Structure formats: structure tokens, C-alpha cells
Amino acid sequence: MIIRTHYSNQLSPEMSGEAVTIAGWVHETRDLGGIYFIVLRDREGFIQVTMPKKKVSAELLEMARGISRESVVAVEGDIKSEDRAPGKFEIIPSKIILLSMAEVPLPLDTTGKVGAELDTRIDSRFMDVRRTETAAVFRTRSNVLRAVRNFFHENGFVEINTSKIVATATEGGTELFPITYFDREAFLNQSPQLYKQMMMASGLDRAYEIAPIFRAEEHDTRRHLNEVTSIDVEVSFVEEHNDVMEILERLINYVYREIAGTPELKALSIELPIPELPFRRITYDEVISMLQDDPNVGDIEWGSDLDTACEKELGKMVGEHYFIIDWPTDSKPFYAMPHEDKPELSKSFDLMHPRMELASGAQRIHDYALLRERIEAKGLNPDSFDFYLKAFRYGMPPHAGWGLGAERLLMTMLNLGNIREAVLFPRDRRRLSP
RNA sequence: GCCUGGGUAAUGUAGAGGCCUAUCAUGAAGCCCUGUCGAGGCUUCGACUCGGGUUCGAAUCCCGACUCGGGCGCCA
């Protein structure tokens with residue numbers, strides 16, 4: 001049987017007289033001599049446990065005084081309506097069970113009186129999450145992912161799971177983490193791209209996967225990690241890339257609407273304006289001319305990717321979510337579909353938040369011969385893509401998809417300064433523990 | 001990989017060559033206090049990342065190591 005009978009938010013002054021058992025952490029204690037308070041914290045909030053000298057036994061009071069902050073306790077007692085108590089009620093304990101005594105000193109303060117640096121917090125993440133704000137971030141993360149799944153299921157998607165251990169020959173463009181697979185070399189997957197495409201040949205039609213991806217780039221910024229959660233989508237029987245862009249913008253709008261007004265958001269004091277549909281579409285060519293004479297960015301060469309200064313400048317100009325579409329074919333991976341009438345441009349897109357890139361996608365090449373040709377043109381060996389190309393030889397529908405960074409989505413929604421705030425146990429160039 | 005700024009008690013900080021056996025707050029320990037809610041009052045505890053150097057004298061200046069942050073690149 002679960003020790004606790006009620007969470008803190010299930011109690012009220014109207015329940016006065018009722019016997020309950022609450023359980024959680026000793027958040028704070030206040031000793032006023034003749035009366036002793038314990039503020040107990042559970043997942044849902046705080047409850048005041050009050051011990052007036054005359055109403056509880058001397059043994060119980062002495063025992064309670066010996067419990068250190070952040071120790072885990074269960075408290076049996078009666079609810080008492082009390083105007084002087086926070087929330088207008090308190091618990092008068094008949095029994096306090098010490099379940100786990102916390103050592104002193106604590107690695108960081110959980111009450112919000114003293115700050116702690118991100119590095120300190122991550123070193124003791126279990127305790128950091130005891131802080132109201134951090135808990136609100138990770139519960140919002142949970143809410144976001146639930147909203148994403150709800151959206152997908154409401155829109156006829158099938159959730160898939162693909163392997164994170166791969167032989168080799170992924171899409172290129174990034175460094176991979178090598179691992180040992182029995183006596184062979186293998187790698188952690190940089191993206192489910194090839195696998196979700198293969199599933200378009202399976203008839204599932206609309207598939208999504210939410211899973212970690214691994215990139216061995218030695219980047220060192222506030223918006224990069226070596227392990228992130230990718231929200232990946234692939235849709236069959238599309239006519240063009242815009243078909244999946246519409247799904248993406250509707251998803252973003254849906255998630256914002258689901259998250260706005262949640263208690264977690266209130267705890268973080270965040271007002272969440274809902275991005276309006278449709279998002280602005282700007283072609284790569286338009287971007288180049290918009291930035292052409294901008295003094296804040298350097299010379300831009302047609303065909304190159306946009307650097308950070310360009311992203312920032314565009315973000316300032318547009319001021320809300322937008323798409324950059326029709327990127328140069330050579331700047332995108334081999335599977336991006338070129339425009340029929342203008343093959344130097346691809347049917348590709350990036351979803352941008354004013355702060356940074358959130359997602360990228362494209363219509364994919366579904367023609368076996370063209371795909372093979374594009375692989376070769378990128379200087380890759382088609383033989384090592386046999387497992388993938390095979391799916392294009394026996395009936396592959398036209399398809400398109402995208403990958404959205406879950407951490408970046410959360411980061412931009414909650415205006416987090418560092419992507420590490422959005423991950424419980426971030427993996428970056430330096431950190432491998434905890 | 002490049003540029004740049006840091007590292008002082010358990011946490012967050014003050015400190016700019018002698019005023020530092022180092023400030024303040026949180027905390028911990030003890031005492032007082034029957035309505036606290038960042039409780040209050042009194043007392044106590046606890047730190048200059050490491051290694052060299054300069055100097056009569058170094059937390060402070062210089063060099064190196066380790067380590068953390070910010071910007072860029074790479075990347076998404």
C-alpha cells in the first residue's frame with residue numbers, strides 16, 4: 001500500500017478533522033519555541049505541519065526537531081482548519097515517520113533563498129528538480145511531449161521505434177560516436193532519417209518517432225548538445241514539402257495552446273503567446289536579398305548555409321516563427337527532392353524561431369535511380385546504403401518529413417537561456433556524468 | 001578548433017598589492033521565543049582550485065595546469 005493517502009493539492013480546510021497521511025521532503029522548519037513548524041513538500045506543493053507544544057507529545061516534538069532539511073518523512077495526523085496557516089489549513093501530527101535522513105550540508109538550496117549555478121545544479125540534478133522552478137520546467141517538458149503525441153494520434157500517425165545502433169553510412173554531415181558491437185564497429189545513430197523513410201515503403205503512411213539522436217560534434221554553445229531528443233515525422237502520398245510544413249506549424253500551434261495556462265507555466269511566470277497560423281514562408285533567395293546590404297552580417301555567398309549572425313538578424317526582422325524554404329540542393333542532404341523546374345533548389349525547409357532553428361525537413365526523393373545518383377553526387381558509396389535503397393525498389397510512395405528538436409522547442413517556449421536547462425542529464429562535449 | 005571572461009566556506013557573493021587570522025546572505029550547531037510563512041534575536045562554525053614565480057609583503061600581479069562560463073566555428 002502506498003504510504004501517502006493524499007498529495008498536498010488534495011487537501012483543503014473543508015477536510016478539517018479528517019485523518020490523513022502525507023509524505024514528502026522536509027522543505028523548511030521554523031522553531032518558535034512553544035510551536036514548531038515543518039513545511040513538507042511533495043510533488044504537488046507544500047503543506048504546513050504544526051506542532052504546538054501543548055498539543056503534541058514531547059517525544060514527537062523532540063524527534064521532529066532532530067530531522068534535517070530535505071529528509072524524507074511521512075506524517076500521520078489530522079487536518080485542522082486554521083486561518084493563520086498558509087492555505088487556511090495545517091496538519092497536527094500524531095506520528096512522524098522518518099523514512100530517510102538527509103545529510104548536511106545540502107549540495108544546493110531548494111528554497112530559492114540562494115541561487116546556484118547551472119553546473120552546480122546539474123551536478124546534483126536530483127536535488128535541483130526539487131526546486132519549484134526546475135520541476136516546472138521538466139513537468140512542462142512532459143506536457144509538451146504528451147501534447148505532441150496527442151497531436152500525432154489525432155492526426156492519424158503511427159508511433160515507431162527504430163534502432164539507435166547503426167552499422168555505418170548514415171546521411172553524412174555530422175560526426176558519429178563509434179561503439180563496439182561485439183567484434184564489430186558500430187555507431188550511435190545521428191538521426192532516424194533513413195529508417196523512417198524505409199517505413200514509408202511499409203504502408204504505415206504516417207509515422208513519428210520521439211527518440212534520442214547522437215552527434216559527436218565538438219560544439220560548445222548554449223543551444224547544442226551531443227545527445228538530444230528528436231521529434232521525427234514522415235508522411236506518404238504528399239505532393240510537395242508544404243504538405244508537411246502545414247503539419248509542423250499546426251503541431252507548434254497545438255502544443256503552445258496546450259501548454260499556455262498550465263499551472264507549471266504560472267509557476268514559471270511565463271506568458272505564452274500562441275504563434276498564429278500560417279507561419280510566414282520566406283524563400284532562401286528572399287533571405288539572401290533581405291540580408292544583402294545588412295551591416296550586421298558579413299558577405300553572404302549564394303549556396304551557403306546561414307550563419308548565426310544571419311539567423312539572429314532574420315529573427316529580428318520577422319519577430320515570430322517562420323519557414324525558410326527552397327534551399328540550394330547542394331546545401332541539403334542527398335535525399336532532398338530537387339525542384340523539377342529548378343534542380344539547383346530543393347523542396348526543403350527549416351522552421352525558425354527568432355532565436356534559432358527548430359526543425360528542418362523536405363520532400364524526399366522516392367525514385368530509386370535519382371536517389372542513387374544523388375548519393376554518388378555527394379561522394380558517398382551507394383553500396384553502403386543497400387539496406388536503405390532496397391526499400392525504394394519495390395514500391396515507394398512520394399513522401400516528405402521533418403525533424404524537430406524537442407529541447408529547442410521547450411527552450412524557446414520557456415525562454416530558457418541554455419539548452420541544458422531543458423534536459424535532465426545533458427551530454428555535452430565535457431559532461432558525461434551524472 | 002578560435003576568441004574572451006571567470007574559479008573565495010555546503011550554496012550564492014564582497015574583494016583591484018599591506019586596511020584580510022577575508023565581507024555579506026543562505027546554511028549548520030547552540031541558546032531565547034506559542035502563529036511562523038525568506039520568521040526574529042544572540043553566540044559559534046566554515047573558504048581564497050592546484051603548482052611555480054615577482055615582491056619586504058599576494059585572494060589581488062605574472063606563468064603553467066585543471067576547471068566553469070560567454071561568443072564564434074562546426075552542426076541541428
Side-chain angles (χ1 to χ4, degrees), chain A residues 27-41 46-56 61 65-66 68-70 80 82-90 92 102-124 127-128 131 171-176 190-191 193 213-232 297-298 304-312 331-333 348 350-353 356-361 402-409 411 417-420 428-431:
Chain A
H27 187 67
E28 286 183 286
T29 62
R30 295 190 194 98
D31 189 352
L32 276 69
I35 186 166
Y36 189 73
F37 298 101
I38 289 177
V39 179
L40 183 138
R41 184 190 66 245
F46 303 92
I47 315 165
Q48 175 163 292
V49 178
T50 305
M51 282 162 276
K53 211 176 203 170
K54 287 179 180 166
K55 290 190 182 171
V56 299
L61 193 57
R65 283 200 166 110
S68 59
R69 285 163 67 234
E70 294 303 324
K80 179 168 168 274
E82 170 59 68
D83 282 347
R84 289 171 296 186
K88 308 284 187 199
F89 73 93
E90 59 195 13
I92 310 294
E103 287 180 21
V104 288
L106 300 169
L108 52 85
D109 168 53
T110 58
T111 65
K113 288 178 197 164
V114 194
E117 290 187 359
L118 184 57
D119 196 53
T120 307
R121 290 168 44 208
I122 294 172
D123 279 339
S124 300
M127 186 155 290
D128 181 41
R131 299 165 70 237
E171 49 191 296
T174 189
E175 294 292 317
L176 302 176
Q190 64 170 107
S191 145
Q193 180 63 36
I213 58 174
F214 306 90
R215 311 221 162 161
E217 299 293 336
E218 293 194 338
H219 33 52
D220 212 352
T221 81
R222 291 189 293 168
R223 56 186 192 285
H224 288 95
L225 286 172
N226 295 296
E227 178 183 11
V228 299
T229 306
S230 179
I231 300 168
D232 265 276
V297 304
S304 65
D305 212 343
L306 301 174
D307 61 23
T308 310
C310 291
E311 281 188 9
K312 281 188 181 152
S331 73
K332 289 290 175 184
S348 57
D350 280 5
L351 171 66
M352 309 296 296
H353 177 276
M356 70 187 86
E357 179 184 337
L358 292 182
S360 69
W402 41 258
L404 165 67
E407 285 78 15
R408 287 190 174 186
L409 175 60
M411 190 182 173
N418 193 315
I419 197 165
R420 290 161 184 80
D428 62 32
R429 180 180 184 172
R430 299 194 184 95
R431 189 179 278 279

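By convention in this document, chain letters (A, B, ...) are assigned in the order of the sequence lines, proteins followed by strands, and residues within each chain are numbered from 1. A quick note: this is a predicted structure, and the numbers were derived from the prediction, not measured.
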Query raised in the report: A:Ala85 near the nucleic acid: base, sugar-phosphate alone, or nothing, with a heavy-atom cut-off under 4.0 Å?
Result: base
Query raised in the report: Is any side-chain nitrogen or oxygen of A:Lys312 closer than 4.0 Å to OP1 or OP2 of B:C72?
Result: yes
Query raised in the report: Does A:Lys113 place a side-chain N or O at less than 4.0 Å from the phosphate oxygens OP1/OP2 of B:A39?
Result: yes
Report summary line: Atom CG of A:Leu106 and atom P of B:A10 are separated, to the nearest Å, by 13 Å
Requested in this report: Ignoring hydrogens and angles, answer whether the base of B:C75 and the side-chain atoms of A:His224 contain a donor-acceptor pair closer than 3.5 Å.
Outcome: yes
Query raised in the report: Is it true that the side chains of A:Thr111 and A:Glu28 contain a donor and an acceptor less than 3.5 Å apart?
Result: no
Query raised in the report: With a 4.0 Å cut-off on heavy atoms, is A:Asp350 in touch with a base, just the backbone sugar-phosphate, or nothing at all?
Result: nothing
Query raised in the report: Taking OP1 and OP2 of B:G71, is either one under 4.0 Å from a side-chain nitrogen or oxygen of A:Thr308?
Result: no
Query raised in the report: Below 4.0 angstrom from OP1 or OP2 of B:G70, is there any side-chain N or O of A:Thr221?
Result: no
Query raised in the report: Contact class for A:Gln48 (heavy atom, under 4.0 Å): base, sugar-phosphate, or nothing?
Result: base
Query raised in the report: Looking at side-chain heavy atoms only, is the closest gap between A:Leu225 and A:Glu227 below 4.5 Å?
Result: no
Requested in this report: Quick one: pull up CZ in A:Arg65 and CD1 in A:Ile38 and give me the separation to the nearest 0.5 Å.
Outcome: 10.5 Å
Report task. Supply the atom-to-atom distance A:Gln193 CD to A:Ser230 OG, rounded to the nearest 0.5 angstrom. Result -> 9.5 Å
Report summary line: Whole-Å distance, A:Phe37 CZ to B:G38 C1', equals 15 Å
Requested in this report: Could you work out the separation of B:G1 and B:A16 based on their C1' atoms and round it to a whole Å?
Outcome: 33 Å
Query raised in the report: Across the strands shown, which category fits A:Glu82 at heavy-atom distances under 4.0 angstrom: base, sugar-phosphate, nothing?
Result: base
Requested in this report: For A:Val39, answer base if it contacts any base atom (sugar-phosphate contacts may also be present), sugar-phosphate if it contacts only those atoms, and nothing otherwise; contact means non-hydrogen atoms under 4.0 Å.
Outcome: nothing
Query raised in the report: Checking all strands, does A:Leu225 fall into the base, sugar-phosphate, or nothing category for heavy-atom contacts under 4.0 angstrom?
Result: base
Query raised in the report: Taking only N and O in the side chain of A:Arg222, is any of them less than 4.0 Å away from OP1 or OP2 of B:G71?
Result: yes
Query raised in the report: Taking atom P of B:G69 as reference, at what distance in whole Å does atom CZ of A:Arg121 sit?
Result: 12 Å
